[in-house]
Amino acid sequence: MKLIDLHCDTLWKLMDMDKDGDLMENHCNVSIPFMKAAGTKAQFFACFTNLKDFENAGGYEGCYGRVQEMIAYLNRQTKRYPEQIGLAGSFEQMQENVRAGRISAFLTVEEGGILCGEMERLEELYEKGIRLMTLLWNYENCLGHPNSRDGVLMSMGLTPFGIEVVRRMDELGMIVDVSHASDGTFWDILKYSGKPVVASHSNCRVLCNHPRNLTDEMMKSLAETGGVAGVNFYGAFLGTGRAKDAGTAQADSRVDAMAAHLLHMIRVGGSEFPAIGTDFDGFGGDGILEIPDVSRMERLWEALRRAKVPEGQLEKIWGGNAERMMREVLG
C-alpha cells in the first residue's frame, strides 16, 4: 500500500524547534528514509507559524516571512535529494514522481492569518506551490474563528474576506482545510466552497470530546462534498490522555484509539471518507507514542486488520481516498 499523509509539521520542527538535521537525517517523526520504509507516495508538509512566536517580530507579517523561508527550505531539500523526493502541485505531478521513484512533497500553509487581508498573498502562495491551506490555527484571524471551548466563539464563522478566500481557493485549485476551525467557520466553509473540503488532521468528537474534533454531522457533511478527514495521532485528540501525577496529565498516542476513530469515520462518513493526517512533529511531550515515526505505520494497519477491515478499505484509508480528493481539487 502507498501512503498519503495529509499533515505533518516537520518543516517547523527542523527549522524552529530542533534547528538541526534535514529531511534525510533528523530527530523527527518524518524523514526520507522513514517515508521510504513506509511506502509513502505523498507527504503534505505544513508551513506552520505560531503567532505568539512573532509577537515582537511583526506578528502575522513576521509569520508570512517565515512561511516564505519554509517554502524555500523545502525547495532546497528537493534539489539536494532529487532522486528521493520531488515537489508536486497536481495529481499528474505526483504520478510523474511515482514513475521516477520519488516521494511527492506537497506544500501547505497552517494558519491563514498570514494573508493579512490581502488576496494577492493567496495568489503568491499558490504560485510558490502551496496547494492546501488550513484557514485557522488557534487564534481568530482575518479569515474566521478557531475551535474553542467558549461557546460564543465556537459559533462564529468566516469573515467576509474569509468567504472570498474560500471561493478563490476553489478557483485556483487549492484544498480548503477545516481542521482547527470553529464549528461556525466549518459550516460557513461548506456553505461557500463548491469543491471537496478536507479536515487534514482531525478526529471524531463522539469518541473524544475536544473542540478540535468533528461531530458526526460534520463528518457526514464533509463526506457528502467528496471530502476526507485524516486521523490525527495526537493523544489529546484521540482521547488517550491519562493522569501522570497530581495536577498533570500526559497524552498517550495509542494505535487502538487511532483504529477506533477510523472505524467510526467509516461508519459515519462511509468507505470513501477516512484518510491519514498524522500531525507528526506537531506534538510532543512524554506520553507513549506507539507509532514513533512514519516507518512504523504498519502497526496501525495490523490493528485495522485485527478489526477485520478489508484490504480494499485499507487501501482507501492509506491513500486512495486522499488521492481521489486530490484528483478532483488539484487537477
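- Side-chain N or O atoms of Asn321 include one that pairs as donor or acceptor with a backbone N or O of Ser271 at under 3.5 Å.
- With Phe54 as the aromatic partner, Arg66 does not meet the cation-pi criteria of under 6.0 angstrom to the ring centre and within 45 degrees of the ring axis.
- Judged as a side-chain contact (heavy atoms from CB on, under 4.5 Å), and not counting sequence neighbours, the contacts of Arg76 are Ala72, Tyr73.
- Note on Glu92 versus Arg99: salt bridge recorded, some NZ/NE/NH1/NH2 to OD/OE distance being below 4.0 Å.
- Here Arg168 does not pair with Glu118 in a salt bridge; the nearest charged N to carboxylate O distance is not below 4.0 Å.
- By the 6.0 Å contact criterion, CD on Glu83 is open, its count of non-hydrogen atoms from other residues, nucleotides or ligands being 12 or less.
- Evaluation of the side-chain hydrogen bond (donor to acceptor under 3.5 Å, both in side chains) test over residues 47-58, restricted to residues two or more places apart or in two chains, returns Asn50-Tyr139.
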Item to check | Audit row: Glu323, Arg327, salt bridge (charged side-chain N to carboxylate O under 4.0 Å, His left out) steps and yes/no | outcome: CA-CA 6 Å; Glu323 188 170 299; Arg327 186 186 298 112; 3.8 Å; yes

Checklist entry - Should Glu328 and Lys195 be marked as a salt bridge (charged side-chain N to carboxylate O under 4.0 Å, His left out) after you check the CA-CA gap, both sets of side-chain angles, and the distance that decides it? => result CA-CA 8 Å; Glu328 186 167 347; Lys195 296 285 185 70; over 6 Å; no

Using atom types as modelled, flag every donor-acceptor pair under 3.5 Å from a side chain in residues 226-235 to any protein atom, sequence neighbours excluded.
unit_1: Asn232; atom_1: OD1; unit_2: Tyr234; atom_2: N; d: 2.8
unit_1: Asn232; atom_1: ND2; unit_2: His201; atom_2: O; d: 3.1
unit_1: Asn232; atom_1: ND2; unit_2: Asp279; atom_2: OD2; d: 3.3

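- Electrostatic pairing of Glu290 and Arg299 does not count as a salt bridge here, judged by no charged N lying under 4.0 Å from a carboxylate O.
- The pair Arg254-Asp256 fails the salt-bridge criterion, with no side-chain N (NZ, NE, NH1 or NH2) lying under 4.0 Å from an Asp/Glu carboxylate O.
- Below 30°, between 30° and 60°, or above 60°: for Phe237 and His210 the angle between ring planes is above 60°, a perpendicular geometry.
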